[in-house]
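Data block below; observations after.
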Amino acid sequence: MSDPKPLLFALYEQASVGCGGAPSLWTHPADERLAANTFDFWSNQARIADQANLDMLFFADVLGFYDVFGGSAEAAVKWAVEAPANDPLMIIPGLAAITRNLAFGATVTTTYEHPFTHARRFSTLDHMTGGRIAWNIVTSYLSSAARNFGLEEMIKHADRYERAEEFMDVAYKLWEGSWANDAVVQDKAGQRYARGERVRPINHCGERYRVAGPHLTAPSPQRTPLLIQAGWSGRGREFAAKHAELIFIAKSNPNEIRQGLEEIWTMAQARGRDRDDVKSLTVLRIVTAKTEIEAQRKYDELQSNYHLEAQLVSYAGDTGIDLSRYADGDALSTRTEGLTSYMMRPDGSGKPLTAGDVRKRFANVTRGTDLILVGTPEQVADCIEEHARISGTSGYMLNPLTSPGTLEDFVELIVPELQKRGLYRTQAQSGTFRSRLRDDRSSRLPSSAYGASFRQQ
């Protein structure tokens, strides 16, 4: 039997007081998220993660308040549900400067950004981080975000993905095709920085974008940042099979995860990609201590500082369903442009949950279908090992219940136990983020990737 392969591990974060894991737990006496507007808070998190050899610090992001619950943003502001939302792209450069190996993932929507400025921003980040940057591609689901960008209503789900496809084409043309591999010569004696004839405009003229180019930024270490995607709908899986190198999975059932990954891998292979080109991170929450009794005590303390209304505000924003208007026995409407997978029964029946189902699901410290493990380091490691074996996930995205307490507990208690089992690396990885995930150690998109088709010959 071959030795186990180390899993990938990342820390999930948001540049806000209320993180998406359990947004009301900033009220816990040991939580420090009220300092989220300070660089000290983020530098502490990044240093811990870097020293512990985590693979990535990942930032989710939103562009509007969660204003569905009760018909306004009042409850979201009260509970700081993914609010107030700062810009993670302004935080990452500072964190990159104080860390050596930690990679950074940033969420940016294709719905409201423009591909030209987006491509320049991420090329700059790739330069400044030495190739330690990843882009989490989202299409946005908040109606409040749509209004913030001058739209009367949210763009339909299918249309958002069509927009995303053209956005990707423009970005690939800029990142991969505008500057040839031999364009930059940096010749002081010959007084030439680059060969002008090898830096080309892209002249993209599409349904939604007209971009002349050339790309303003010289080729960065990865050119295209590592691509992350979180869609789990049918259309989302198609998008992942075409573009994603790392999939973010907010599910707990290992068999459901395996089924979804197998579908994505099959579609990716049909496009000429290798299965191993598409890796995954599953959301993980932990409550751990040296004894079961102490772990349960920690969980009980979390529960005593947990507030259902805050979680329902988050659920309403994610799905577009205002639970305050539903009685327990009412089935949820599926006529929404939100995250419909959060509204369906987990039994595969295709039927929606009732409002009572949702309230019961969120009565305790959890987030619906996400994975939460409570116990000693040995018990938690046992569960991680078994879950990874069944699900086929490449690793886990640690979603903090308290900050920095969850990360500190993971590093101090869980990491040594995982290392004993060969499931967590003992040495830091260097190089670009993409090179660390690939057997060939290449920093560039593989030739089989869709984005590689836009390269200059």
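Being a predicted model, the structure only gives us computed values, none of them experimental.
- Considering all non-hydrogen atoms of both residues, Ala327 and Ala355 come closest at O-CB, 3.3 Å.
- Within the structure, the side chain to side chain donor-acceptor pair (under 3.5 Å) test picks out the following pairs touching residues 71-80 (sequence neighbours left out): Trp79-Glu309.
- Within the structure, the ring-ring contact (aromatic ring centres under 6.0 Å, His included) test picks out the following pairs touching residues 392-418 (sequence neighbours left out): Phe9-Phe410, His387-Tyr396.
- Judged purely by distance below 3.5 Å, without hydrogens or angles, the side chains of Thr432 and Ser435 pair a donor atom with an acceptor atom.
- Looking only at atom types and distance, the side chain of Thr111 has no donor-acceptor partner in the side chain of Ser140 under 3.5 Å away.
- The pair Asp55-Arg425 counts as a salt bridge, with a side-chain nitrogen and a carboxylate oxygen less than 4.0 angstrom apart.
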> Between Tyr112 and Leu151, is a side-chain contact (heavy atoms from CB on, under 4.5 Å) present by the stated rule, with each step listed?
Replying inline: CA-CA 10 Å; Tyr112 307 120; Leu151 303 178; 4.0 Å; yes

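- Between Val17 and Pro84, the shortest heavy-atom contact is CG2-CD, 3.9 Å.
- For residues 120-137, the salt bridge (Lys or Arg N to Asp or Glu O under 4.0 Å) pairs, not counting sequence neighbours, are Glu113-Arg121.
- A salt bridge (Lys or Arg N to Asp or Glu O under 4.0 Å) check over residues 232-242, counting only residues at least two apart or in different chains, returns the pairs Glu162-Arg235, Glu165-Arg235, Glu165-Lys242, Arg235-Glu238, Arg237-Glu263.
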> Can Phe167 and Ile137 be said to form a side-chain contact (heavy atoms from CB on, under 4.5 Å), step by step?
Replying inline: CA-CA 10 Å; Phe167 189 107; Ile137 310 162; over 6 Å; no

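- Judged purely by distance below 3.5 Å, without hydrogens or angles, the side chains of Gln259 and Asn255 never pair a donor atom with an acceptor atom.
- Qualifying salt bridge (Lys or Arg N to Asp or Glu O under 4.0 Å) partners for Arg47, counting only residues two or more places apart in sequence or in other chains: none.
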>> For a side chain to side chain donor-acceptor pair (under 3.5 Å) check, start with the C-alpha distance between Glu301 and Asn305, then their side-chain angles and the critical distance, and finish with the verdict.
In response: CA-CA 7 Å; Glu301 284 185 356; Asn305 290 276; over 6 Å; no

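- In this structure, the salt bridge (Lys or Arg N to Asp or Glu O under 4.0 Å) partners of Arg438, at least two apart in sequence or on a different chain, are Asp277, Asp440.
- The salt bridge (Lys or Arg N to Asp or Glu O under 4.0 Å) test applied to Arg444 returns Glu176, not counting sequence neighbours.
- For Pro214, the side-chain contact (heavy atoms from CB on, under 4.5 Å) partners at least two apart in sequence or on another chain are Ser178, Val199, Pro201.
- Taking the side-chain hydrogen bond (donor to acceptor under 3.5 Å, both in side chains) definition, one finds that Asp50 meets it with nothing, sequence neighbours left out.
- Thr402 and Asp31 are not linked by any side-chain donor-acceptor pair at a separation below 3.5 angstrom, with hydrogens and angles left out of the test.
- In plain terms, the two heavy atoms of Ala36 and Asn86 that are nearest each other are O-ND2, 4.2 Å.
- Aromatic rings from His204 and Phe116 are positioned such that their centres are separated by 6.0 Å or more.
- Not counting sequence neighbours, Thr110 has no partner by the side-chain hydrogen bond (donor to acceptor under 3.5 Å, both in side chains) test.
- Evaluation of the ring-ring contact (aromatic ring centres under 6.0 Å, His included) rule for His114 yields Tyr209 as partners, not counting sequence neighbours.
- Side-chain contact, His127 with Thr217: no donor N or O sits under 3.5 Å from an acceptor N or O.
- Ring geometry for His118 against Phe122 counts as tilted: the plane angle lies between 30° and 60°, on a 0 to 90° scale.
- Residue pairs satisfying the salt bridge (Lys or Arg N to Asp or Glu O under 4.0 Å) criterion with at least one member in residues 400-412, sequence neighbours excluded, are listed as follows: Lys298-Asp409.
- For the residue pair Arg33/Ser403, the side-chain donor-acceptor check at 3.5 Å is satisfied.
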> Can you list the steps and then say if His215 with Ile202 is a side-chain contact (heavy atoms from CB on, under 4.5 Å)?
Replying inline: CA-CA 8 Å; His215 189 35; Ile202 65 169; over 6 Å; no

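- In this structure, OG in Ser391 is found 7.5 Å from CD1 in Ile249, a value given to the nearest 0.5 Å.
- Counting heavy-atom neighbours within 6.0 Å of Arg208 CZ, excluding the residue itself, gives a total above 12.
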